[in-house]
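Working notes, structure below.
Computed from a prediction, not measured in an experiment: that's the story for all the values here. Here is the naming used below: chain letters follow the sequence lines, and residue numbers restart at 1 for every chain. Atom set for the values below is all heavy atoms of this structure, side chains included, hydrogens, waters and symmetry mates excluded.
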Amino acid sequence: MRTERYNAREVERKWQATWDEKELFRTRNEDPKPKYYVLEMFPYPSGRIHMGHVRNYTMGDVVARYKRARGFNVLHPMGWDAFGMPAENAAMANKTHPAKWTYANIATMRNQLKSMGLSLDWHREVATCDPSYYKHQQRMFLDFLGAGLIDRKTARVNWDPIDKTVLANEQVIEGRGWRSGALVEQRKLTQWFFKISDYAQELNDALDGLERWPEKVRLMQRNWIGRSEGLSVRFALQTNQAAKSEIEIYTTRPDTLFGASFIALAPEHPLSKKVAESNPDLLAFIEECRKMGTAQELIDKAEKTGFDTGLRVTHPFDPSWTLPVYVANFILMDYGTGAIFGCPAHDQRDFDFATAYKLPIKTVVCPPDQDPKTYSVGDAPYDGEGKLCNSSFLDGLTIEAAKEEVVKRLEKESLNNKPVATRKINFRLRDWGISRQRYWGCPIPVIHCEVCGTIPVPIQDLPVKLPDDVTFDVPGNPLDRHPTWKHTSCPQCGKAARRETDTMDTFVDSSWYFVRFTNPWLEDHPTERSVVDGWLPVNQYIGGIEHAILHLLYSRFFTRAMKKVGHVGMDEPFDGLFTQGMVVHETYRDKEGQWVTPAEIEIYTNDGERRAKLISNGTPVEIGSIEKMSKSKRNTIDPDDIIGSYGADTARWFMLSDSPPERDVIWTEESIQGAARFIQRLWRLVGEVADLQPSENAHDAAAEDAVITIRKAAHRSIIRVEEDLERLRFNRCVAHAYELANALQAELTVKKDKKVSPQWIAAMREASEFLIAIIAPMMPHLAEECWAELGHRSMIAEASWPKADRSLILENDIVLPIQINGKKRADITVARQADNVTIEQAVLSLDSVKAALDGKAPKKIVIVPQRIVNVVV
RNA sequence: GCGGACAUGGCGAAACUGGUAGACGCAAGGGACUUAAAAUCCCUCGGUAGUAAUACUGUGCGGGUUCGAGUCCCGCUGUCCGCACCA
């Protein structure tokens, strides 16, 4: 029996150095083996890694190491999402330059990641703030500009008053900035836009093909893109009022046209403005709406208000029927046509509006269980299924049929020499505004010339580098107030001109880093086509669900844009996507209600109840709810502390063991100790196996049985782990490892101080090697040490995955559970090949079955081959 | 409000395509070793009754389909997530 404990710190350092020295994880693009690209979302260099990173990167590393063992040429790179606001905030707070702060953080975090023993190819490391990276991004911006993928337009944008910058729609969460949490205001600015909405249909349709993505993420993207099929209908103004003769509205419910009671226009609608020119009251109303529109939160709470313009339109199916035209605060100018027809009986918003302004509410859809002659909506609109009523020629039709009928008829009608209505598909997705009024981002490579207009920076002048000498003592954009940086000359006419001082949204940086990793050394081009097309799409991408829309949708668009200008050959960047859960922890508060860190408290049990007290003075601490680890609740665990005291393997093992990877995992001290215990146990186990010596004359029949049992356990484990690793079910792999370890330990205990045969020892060694192979992707350092302990001179990191012998695990006899009326009553052991007659006879001769039958014949015997028998009495 | 996911012992969870519910881990209890502790090893561990064999019961609640339901269908409750005047 071995007594020396496994020293994780020493062993881990040793193997990390050895892997490094041998450049084991350096990936060669020209390696002829089949390619496998596994990638975890790269981190923002905030200063230190957190447990979320540990979980994310451990999962990716398991896949990388496993695929390497399976004979793939694995690309597993790492980089830094290095531009962004926090660097500027730090610059303001500490008077350090954003670059200095960022690179210092990168150095720290790189060391932390290295201490985890990740099998990364560090030769390919990129930082998005490096000119050698953003130079290519600027190049692609120019390519996109040339290809018509970019727009510069004045638009109402989301303005974050704390970060003093613009946000994309996707970056506004519940009316607040995604990073600052400030209430977002609406402002009108001239901005650069990526025309992602040109790809709305395609991005939507291609979701169907992303079979290895979580359904949840696909659904979120589908909802975000928001495709809707509807009808654009033009209503004739009663007379040529306000110099217009018609109003075009958009609707997805043309079937309810006979329930229309008003038209509503957005306050920014051209016709609203036109009428307001001669109507001061309307002008005032529009002004009020605009003011209201600055804070998103107010919009959400605002009551529906409107203003009757006095205009009237005629109903397309009844020239004698006219409807009033309102300007209403709840109509959005940038969706559809900025105008709607209101059908109060079947739409909540229209109902609210009609109630407020005492407009008619006419029921036109009758629910299936109601009588259309008498039914009428009460104090709530009805938007469910049903058949049309009070709707002339539509009466009795289903909603779908009625829609078709309306479309068919209105397409034939004509107004001002055009069909009254045309089918139209609308999307919720807007263009991606990428201008940010910040310093620490990729400069947008254009020059504004008074004479020539907006001129791209010539490609040979790239990169447009950020100036180093900037100040952060006042709010606003340091680039804009830099004394010289923005002053340049026009590339076209040579006259004095001004650089664009906005930088790009940092989501642009992360929209193509996975592409750059395939050849990060290339200087003249963003990509090398033969290389990038070999590696992409990423086979397995792993990251947080929080990027379900932002990063993943942008990347899908960006890849298509890159394809259009010839930098890549594929549409979709990520073939397989996995979104992992968070790391959560209990929270603690002292008597004053202040948050207390886990390190400051001690857990004990009193009368069977878990309690906590302060280590310093023993005062009781309240155990609170389990929450996402956060600095504010002080329930974080520092990965450095864990790796320092338990070792990287313990941290990795724990991250994989307790919960399914897509679910949150609860960090507990007990569990981490359990993981540490298993490492010691495994080390002892392997030591004992390594020491086994054959005894003389130890060959007997019982030993032969044991050999088969051991080998079956080992080979079965390999097969199960293979299946589970392919599906990223790490928690099950952990269970299989425990099971095999338990089986080997039990076997050692049985044979303790007894004679053992060489065959038995061989089986034990084989099983131990399999066990080491199983844990190697998860606990690579321990696996190397154990591997060496068994006498191997090579490394397990270079070894092939064991080949399981499937014939071994095929049992000759199988145990069939026997049910009587669906309840399990007995087992029988029969030959695998046994036919149904044999099984039936065996079942009927069972005492419990005889007792249940009481001499009668069974009603039925269901035999499910290899599974179960059910006797129905 | 709309859309979606989930619900299994004291806890984290497993259970393939409808086929033995609770693998594996944690906690707890008992025991061995030890002067003692730690570490380690062994045993018990959904509930009720029983010394036990065993029986009954049990996967949020109420129904249904089926020889058989944690798994499928319908209705409800709760929790979490996404979207939110998108016509």
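Under the 4.5 Å side-chain criterion, counting only non-hydrogen atoms from C-beta, Met778(A) is in contact with Cys733(A). Contact annotation: the side chain of Leu410(A) approaches that of Leu257(A) to within less than 4.5 Å [non-hydrogen atoms, C-beta and beyond].
Straight-line distance between the P atoms of rA21(B) and rA69(B): roughly 11 Å, to the nearest whole Å. Here the separation of rA55(B) from rA7(B), taken at their P atoms, is 30 Å to the nearest Å. Comparing rG10(B) with rC45(B), their C1' atoms are spaced 10 Å from each other, to the whole Å. Rounded to whole Å, the separation between the P atoms of rG46(B) and rU59(B) comes to 16 Å. Nucleotides rA23(B) and rA13(B) place their C1' atoms 10 Å apart, quoted to the nearest Å. Of the C1' atoms belonging to rU54(B) and rG50(B), the separation is 9 Å, rounded to the nearest Å. One C1' atom belongs to rA87(B), the other to rC6(B), and the distance between them is 32 Å to the nearest Å. Straight-line distance between the P atoms of rC43(B) and rA5(B): roughly 43 Å, to the nearest whole Å.
Contact check on Asp347(A) versus Arg253(A) returns no salt bridge, with no Lys/Arg side-chain nitrogen under 4.0 Å from an Asp/Glu carboxylate oxygen.
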Reading nucleotides 17-27 of chain B from 5' to 3' and marking B where a protein heavy atom lies under 4.0 Å of the base, S where only the sugar-phosphate is that close, and - otherwise, the string is --BB--BSSSS

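Leu816(A) comes within 4.0 angstrom of no nucleic acid atom, judged by non-hydrogen atoms across all strands. In this structure, Leu219(A) reaches the sugar-phosphate backbone alone: every heavy-atom distance under 4.0 Å involves primed, P, OP1 or OP2 atoms, never a base. Looking at heavy-atom distances under 4.0 Å, Ser228(A) makes contact with sugar-phosphate atoms alone, never a base. In this structure, Arg825(A) reaches the sugar-phosphate backbone alone: every heavy-atom distance under 4.0 Å involves primed, P, OP1 or OP2 atoms, never a base.
In terms of polar N and O atoms assigned as donor or acceptor, the side chain of Lys859(A) never comes within less than 3.5 Å of the base of rC67(B) in a complementary pairing.
A donor-acceptor pair is defined here as one N or O able to donate and one able to accept, closer than 3.5 Å; such a pair exists between the side chain of His346(A) and the backbone of Val365(A).
Here the CZ-CD1 distance, from Arg832(A) to Ile814(A), works out to 6.0 Å after rounding to the nearest 0.5 Å. Remark: Thr58(A) OG1 to Met779(A) CE distance equals 12.0 Å, nearest 0.5 Å.
Considering only residues two or more places apart in sequence or on other chains, Pro777(A) meets the side-chain contact (heavy atoms from CB on, under 4.5 Å) condition with Val62(A), Arg65(A), Tyr66(A), Trp801(A). Residues passing the side-chain contact (heavy atoms from CB on, under 4.5 Å) test with Ile809(A), sequence neighbours excluded: His715(A), Arg716(A), Ile719(A). Residues forming a side-chain contact (heavy atoms from CB on, under 4.5 Å) with Pro381(A) (at least two apart in sequence, or on another chain): Gln348(A), Phe351(A).
rG25(B) takes the anti form, because its glycosidic angle lies more than 90° either side of 0.
Protein atom CD of Glu662(A) is 15 Å distant from nucleotide atom C1' of rC80(B), rounded to whole Å. Atom CZ of Arg428(A) is separated from atom P of rA87(B) by 10 Å (rounded to the nearest Å). Residue Phe730(A) contributes atom CZ, which lies 17 Å from atom P of rA13(B) at whole-angstrom precision. Rounded to whole Å, atom C1' of rA87(B) lies 13 Å from atom NE2 of His269(A). One atom, CE of Met220(A), and another, C1' of rC80(B), lie 13 Å apart when rounded to the nearest Å. In this structure, Lys860(A) atom NZ and rC67(B) atom P are separated by 5 Å, rounded to whole Å. Rounded to whole Å, atom P of rA28(B) lies 12 Å from atom CD1 of Ile603(A). At whole-Å resolution of the value, CG in Asp724(A) and C1' in rC16(B) are 11 Å apart.
Between rC41(B) and Gln745(A), a contact under 4.0 Å exists linking OP1 or OP2 to a side-chain N or O. Between Arg5(A) and the phosphate of rU40(B), there is no side-chain N or O to OP1/OP2 separation shorter than 4.0 Å. The phosphate of rA55(B) (OP1 or OP2) has no side-chain N or O of Lys823(A) nearer than 4.0 angstrom.
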Pairs under 3.5 Å (Watson-Crick or G-U), crossing ones as [ ], inter-strand ones as |: RNA chain B comes out as (((((((..(((......[....))).(((((.......))))).((((....))))..(((((..]....))))))))))))....

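Place Arg663(A) and Lys216(A) on RNA chain B by their nearest nucleotides, and Arg663(A) ends up nearer the 5' end.
The number of heavy atoms from other shown groups lying within 6.0 Å of CD (Glu211(A)) does not exceed 12.
If you check the side chains of Asp431(A) and Ser197(A), you find a donor sitting under 3.5 Å from an acceptor. Side-chain contact check for Thr305(A) and Asn329(A): at least one donor-acceptor pair (N or O, by modelled atom type) lies under 3.5 Å.
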What N/O pairs connect the protein and nucleotides 69-77 of chain B at under 3.5 Å? Give each pair on its own line.
none

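A ring pair (Phe, Tyr, Trp, His ring centres under 6.0 Å) with Phe678(A) is found for one member of Tyr646(A), Trp683(A), Tyr6(A), Tyr738(A) and no other, namely Tyr738(A).
Remark: aromatic rings of Phe353(A) and Tyr326(A) are close, center separation under 6.0 Å.
Taking the side chain of Pro660(A) as heavy atoms from C-beta on, and the options rC83(B), rC67(B), rA14(B), the nearest nucleotide is rA14(B).
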